[in-house]
Amino acid sequence: MTKLYYRFVYWRRRLGRSVPPAPGPRRPAPGRGRGQRLLAVKRSAYRFRPLYVFAVIVAIVLAVSYLMAAGGAGRGPLPW
């Protein structure tokens, strides 16, 4: 699953770099302090994104495992 995620990220980046930006009026840059802070938050969120994805996958697996165990509680061992 992680391999597919990284493959998707790789191709998305590659396509993003190959397509030139759309022409149009440019907005003035935001204030220096706010812009730097926003950039730092975006950078840290992007850096920890694989960790977030892993945490979500683990949470899903634990939830499914709990539901399967709760459904079979008190019935003894599995037949296989």
Tell me, with the steps shown, if Val58 and Phe54 meet side-chain contact (heavy atoms from CB on, under 4.5 Å).
CA-CA 6 Å; Val58 167; Phe54 177 73; 3.6 Å; yes
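Distance check: Ile57 CD1 to Leu62 CG gives 12.0 Å after rounding to the nearest 0.5 Å. Rounding to the nearest 0.5 Å gives a distance of 10.5 Å between OH of Tyr52 and CZ of Arg47. Atom OG in Ser44 sits 10.0 Å away from atom CG in Leu39 (nearest 0.5 Å).
Between Tyr5 and Arg49 the shortest side-chain heavy-atom distance falls below 4.5 Å. Between Thr2 and Tyr6 there is a side-chain heavy-atom pair separated by less than 4.5 Å. Using a 4.5 Å heavy-atom threshold, the side chains of Val9 and Tyr46 count as touching.
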